[in-house]
Amino acid sequence: MHKKFEHSEIERKWQQQWAADKIYATNDTTDKPKTFVLDMFPYPSGEGLHVGHPKGYIATDIYSRFKRMSGCEVLHPMGWDAFGLPAENFAIKNKVHPRVAVDKNVARFKEQLEVLGFDYDWDREINTTDPEFYKWTQWIFVQLYKKGLAYQSHEPINWCPGCQTGLANEDLESDGTCERCDSVVEKRPMRQWVLKIREYADRMLEDLDTLEWPEHIKEAQRNWIGRSEGAEIDFRLSTSDSVTVFTTRPDTLFGATYMVLAPEHELVAKNKDTISNWNEVEVYIKEAASKKEMERLDDTKEKTGVKLEGITAINPANGEAIPVYIADYVLASYGTGAIMAVPAHDERDHEFASKYEIEIRAVVRKSFGESLPDPVLRVAAGAIVHDPKTDKYLVQYSHEFEKYSFIFGGLEDGETYAEAAVRETLEETGYHTKFVRYITDETESQFYHPGKKINRFLVSRRVLLELTDDKPEEVPEEELAKQKPVWLTKDELFQKLMEVEEEAYAIDQLFNPTPFTGVGTLCNSGEFDSMTSEEAGRAITEKVGGRLTNTYKIRDWVFSRQRYWGEPFPIVHMADGTALPIAEEQLPVVLPEVEHYEPAGDGQSPLANIADWVNVTGYITEDGNFMVADTAPEGRELVEAKRETNTMPQWAGSSWYYLRYIDPHNSDALIDPEKEKRWQPVDVYVGGDHAVRHLIYARFWHKFLYDIGVVSTIEPFQRLEFLGFILAEDGRKMSKRWGNVINPDDIVKLVGADTMRVYEMFMGPFENTIAWSQDGLAGARRFLERVNGLSEHVNKSGSEAATRQLHKTIKKVAADIEDFKFNTAVSAMMMYINTAEKDCLTQAEYETFLRVLAPFAPHLTEDLWHRAGKSNSIHLEPFPEYDAKLATDTEITIGVQINGKVRGDITIAPDASEAEATSAAKTNERVASYLAEGEIKKIIYKPGKILNLIVQ
RNA sequence: GCCCGGGUGGUGGAAUUGGUAGACACGAGGGACUUAAACUCCCUUGCCCUCAAAAGCGUGCGGGUUCAAGUCCCGCCCCGGGCACCA
């Protein structure tokens with residue numbers, strides 16, 4: 001009989017005891033090794049938590065408990081990311097201060113977390129809206145400003161008409177709508193504070209390699225930063241202006257047959273008078289500006305553009321004059337807003353050039369095969385003939401090499417590839433044909449020619465011909481003896497010509513022509529011919545006076561919002577327009593009370609309406625800060641200034657909050673350097689969803705703080721574990737809208753926190769998104785009830801099976817917790833219970849098992865621990881160590897295969913010899929019957945794994 | 001389109017370096033207990049054939065390497081995520 005347990009009573013009792021004893025308080029001064037375990041702190045919404053939210057917190061709780069039991073000093077804190085629009089919108093709607101809503105929501109969240117029995121050290125709780133916290137957010141901003149990394153910009157920025165505020169690029173959905181309210185975002189010129197995150201792009205990219213993060217998150221960060229390596233090259237215009245383009249392919253410069261400027265490029269309007277078709281150009285610019293945001297989404301739309309009549313550019317590689325276009329496929333905001341267009345080697349340029357009939361000049365040959373010594377050059381056409389009547393293709397079959405191929409023929413003096421192809425086809429196959437089109441540009445390949453015993457260097461171009469009459473000429477016998485013409489269907493081409501890489505490429509291009517965008521060997525490029533793309537890229541850049549450089553997708557971070565509920569900028573504007581930081585000793589600049597939280601609608605934040613607050617007097621200190629004061633000291637002038645009325649985005653506080661947990665009450669510094677060294681970096685950081693942006697911003701600030709000596713590590717989060725969500729039982733997201741939200745309080749009331757914890761960890765791999773199952777929850781409860789009744793199976797002698805199983809379980813659970821494989825850890829403990837119930841266990845083993853389970857089910861194990869006569873907390877006990885001998889079996893069962901198929905099994909010592917294993921196998925009836933059918937020719941024996949007998 | 005992950009029973013999922021595929025749990029079926037139900041306990045549970053045993057099939061599909069493939073290689077299909085005219 002398994003005893004039920006009174007979860008509510010037990011859980012309440014021990015939670016109170018733990019809090020009273022402060023058993024989870026973090027000690028800064030022990031000499032134990034440290035572990036900093038961090039959850040992405042929540043935004044305390046009015047909705048409260050559903051059962052999906054605590055999943056990550058359960059994991060960090062188990063991990064931190066395990067680390068504490070393993071002898072580490074653990075920092076496992078929690079706090080609140082409480083600035084931002086939801087609280088502000090709530091305030092507007094209910095006409096209460098956002099602080100009221102925040103305090104209420106925080107209290108509710110905290111209550112919900114506490115019933116789950118987490119081991120947070122609440123003395124270190126932080127809240128981003130607390131002036132003592134945002135004082136340091138402001139302080140970091142001042143440092144950024146002083147280092148020139150924060151600046152004001154008047155460029156058009158994303159404006160959300162719904163939220164009445166400016167947004168960073170990252171706040172937009174990919175279709176150009178606001179991620180919060182789905183409004184179509186507009187461009188509006190507006191004064192903004194911007195942070196130079198781009199200056200950190202290279203370091204953020206390179207240091208990713210030092211991090212133990214899931215590959216998909218690293219990849220998302222790389223995408224976001226979007227570094228392209230290439231060169232800037234200057235093109236002279238006929239107007240005597242010079243345009244700089246960015247290209248990743250300077251090796252293709254000789255193929256640049258036109259140039260494109262973004263419609264917004266400054267040189268377009270500047271040369272208005274030189275452009276003879278200005279009217280047409282102006283119309284295009286206006287259209288591009290108005291439709292851009294809406295139509296960017298549509299990648300199927302045809303490319304458009306207008307030639308700038310009266311202007312040409314000089315290709316610096318060959319001195320040729322090339323046309324200049326404006327087109328909206330070139331973005332003003334990326335690179336230099338201008339490109340050199342190489343239609344032969346870029347798909348977009350190819351499409352545009354085809355439409356506007358611009359020359360397409362190939363300058364890179366695709367190259368096949370390794371480079372060989374003393375190659376002998378041959379230039380040849382490779383022909384394939386299409387018969388439109390039968391829809392078949394004519395190729396050659398070589399008797400000598402037993403291979404199909406294109407019809408090859410060398411170029412004679414002055415011949416084109418097309419002419420050679422037609423002539424050669426007639427000579428070798430007798431068919432009359434005409435030229436249709438080139439299938440490929442020139443390609444080259446090197447290979448050993450067995451017939452001629454030379455290394456062949458073949459330059460060739462594939463040609464499509466069409467049959468013009470079906471009465472072939474007679475072909476000499478000796479030609480046919482070497483190779484014969486064969487007609488193949490399209491399907492047969494793919495079957496018979498895909499073996500040689502070069503032929504496969506040609507066949508692919510025949511049916512699916514695309515410009516060659518890969519790297520290869522240069523041609524049509526003067527002195528650079530026969531260089532590789534890589535060599536030529538550097539050499540050409542140098543010759544034309546270009547600069548090797550990188551460019552990035554990531555834009556500088558638009559950091560100001562025109563809303564109320566955020567950190568005020570510690571900045572004043574002087575009458576002459578300069579912006580000065582508030583003196584550091586006057587931080588924080590406290591968010592003032594306002595009558596209305598609504599945005600003004602004119603792009604100003606509600607703070608702009610508070611004249612008393614905005615207008616200040618003070619003086620400029622020696623080091624250039626602004627000291628708010630009614631009077632100025634000797635030698636200083638009392639001046640008037642206006643406060644900055646924008647506020648910071650919600651990302652500000654979350655970009656550094658993890659540091660404050662280390663030293664949450666320090667009023668003199670953001671963090672004490674000794675404590676920082678003690679605790680940084682975060683050893684394990686757990687979260688999901690918004691991961692990419694938050695992590696980018698936090699890594700940026702952290703690197704900046706490293707540069708100014710505040711932190712000692714180059715990265716904040718050494719290891720990151722990605723959290724998979726919990727769906728509702730119907731497989732949909734939990735949402736009020738669907739009415740499928742499961743509230744953790746109800747679950748705790750029903751089956752207890754321990755059960756919910758065990759269940760959520762057992763559901764599946766931590767990073768998987770899995771639907772909730774009430775039946776699964778009941779299974780977890782059954783497991784804990786069996787644990788509760790386990791003491792009935794205790795006797796003096798126990799059993800060897802249970803002892804061995806226990807040591808295996810200790811080993812498995814410890815390793816799995818370290819790896820965040822909680823599902824298999826729970827499974828191992830279930831297996832132990834199965835064995836222990838059946839075979840009995842000793843009292844010592846019982847107590848050991850309780851300690852293994854303690855991180856998962858802290859309340860029940862604590863209760864059973866005390867009922868076993870202990871007086872200290874189980875959570876301060878050491879995690880059990882396993883005995884390696886006992887964790888290994890003395891006898892194991894391995895499979896016996898006959899000719900690779902499993903036909904039985906044998907139970908032997910793990911280190912049994914081959915002879916022992918084989919003789920054991922012979923006693924197996926089934927195996928023996930197979931052995932009777934022949935002789936053992938070969939024995940493959942891998943001790944502990946498999947015995948495979950090859951019988952004939 | 002490009003870049004990352006993935007595809008295993010009715011379900012969630014297990015499976016060191018290739019070595020008995022389906023651990024553990026849920027669900028389902030059968031039985032015990034009970035006046036009855038719930039709870040609990042015991043048995044069965046990949047598919048197919050079968051009274052049963054044995055044989056056969058089986059980790060998205062098609063090939064390959066190997067004594068041996070969920071695992072490695074090549075070519076496809078499908079799903080999830082990220083990026084998307086980024087020069």
Side-chain angles (χ1 to χ4, degrees), chain A residues 1-2 4 174 214-224 226-228 230 245-249 252 256 260 262 295-301 303 327-331 333-342 345-349 351-352 498 514 517 551-555 691-692 722 758-759 762-765 767-780 782-783 785-786 789 815 821 823-834 892-906 926 929 937-951:
Chain A
M1 256 303 273
H2 295 130
K4 292 192 176 187
S174 56
E215 198 45 49
H216 74 276
I217 307 249
K218 286 194 193 183
E219 198 54 34
Q221 299 243 321
R222 290 192 192 104
N223 274 337
W224 207 289
R227 179 165 82 183
S228 296
V245 304
F246 174 76
T247 177
T248 53
R249 293 296 302 274
T252 63
V260 186
E295 288 189 7
R296 279 191 56 167
L297 175 71
D298 183 12
D299 57 358
T300 57
K301 87 170 178 192
K303 294 203 172 16
D328 66 1
Y329 81 93
V330 171
L331 308 177
S333 52
Y334 183 77
T336 60
I339 63 159
M340 62 180 229
V342 185
H345 302 296
D346 181 281
E347 290 195 24
R348 294 151 302 173
D349 298 344
E351 184 192 332
F352 190 85
M498 298 306 274
T514 52
T517 57
T551 192
Y552 303 87
K553 265 196 281 190
I554 194 169
R555 315 285 164 82
V692 176
F722 186 81
V758 168
Y759 170 62
F762 184 62
M763 287 175 86
E767 67 278 9
N768 282 19
T769 294
I770 304 168
W772 182 265
S773 154
Q774 206 71 9
D775 287 329
L777 180 72
R782 274 196 286 275
F783 165 65
E785 284 177 3
R786 290 169 71 184
K821 286 155 79 173
N823 57 329
T824 48
V826 173
S827 152
M829 291 186 283
M830 288 171 166
M831 285 164 77
Y832 174 71
I833 283 277
N834 288 343
I892 50 159
T893 302
I894 65 168
V896 179
Q897 299 181 331
I898 305 295
N899 297 337
K901 291 208 170 196
V902 178
R903 299 299 185 186
D905 53 42
I906 50 175
R926 245 175 96 198
S929 73
K937 294 282 182 197
K938 193 176 174 188
I939 300 173
I940 295 138
Y941 175 57
K942 299 282 169 188
K945 302 231 163 104
I946 200 82
L947 176 66
N948 190 2
L949 304 171
I950 309 304
V951 176

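Throughout, protein chains are lettered first and strands after them, A, B, ... in sequence-line order, and every chain is numbered starting at 1.
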Ignoring the backbone of A/Lys303, work out which of B/C85, B/A87, B/C24 is nearest its side chain.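 Closest nucleotide to the A/Lys303 side chain: B/C85.
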Of all the nucleotides listed (B/A25, B/U20, B/A87), which has the minimum atom distance to the side chain of A/Val902? B/U20
Taking only the [atom1] atom of each, what is the distance from [N] to [M] in whole angstrom?
| N | M | atom1 | result |
| --- | --- | --- | --- |
| B/G13 | B/C83 | C1' | 31 Å |
| B/U59 | B/U50 | P | 24 Å |
| B/U35 | B/G27 | C1' | 29 Å |

Measure the distance from CZ on A/Phe762 to P on B/A14 and round it to the nearest whole Å. 10 Å
Rounded distance in Å - OH (A/Tyr832) to C1' (B/A23):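 So the two atoms are 19 Å apart, to the nearest Å.
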Pick one for B/G31: is it syn, with its angle within 90° of 0, or anti?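 You should classify B/G31 as anti.
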Applying side chain to side chain contact (heavy atoms under 4.5 Å, CB included), run through A/Thr252 and A/Met340 and close with a yes or a no. CA-CA 10 Å; A/Thr252 63; A/Met340 62 180 229; 3.6 Å; yes
Pairing check on [N]: which nucleotide meets the Watson-Crick or G-U wobble criteria with it, both distances under 3.5 Å?
| N | answer |
| --- | --- |
| B/G12 | B/C24 |
| B/C49 | none |
| B/C39 | none |
| B/C83 | B/G1 |

Starting at the 5' end of RNA chain B, which residue's closest nucleotide do you reach first, A/Gly895 or A/Trp224? A/Gly895
Using heavy atoms to find the nearest nucleotide of RNA chain B for A/Gly779 and A/Gly764 separately, return the residue whose nucleotide is more 5′.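 The residue closer to the strand's 5' end, by nearest nucleotide, is A/Gly764.
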Are any of A/Asn223's side-chain N or O atoms less than 4.0 Å away from OP1 or OP2 of B/C2? no
Any donor-acceptor pair under 3.5 Å between the side chain of A/Gln897 and the base of B/G19?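 When only heavy-atom distances are counted, A/Gln897 does reach the base of B/G19 through a donor-acceptor pair under 3.5 Å.
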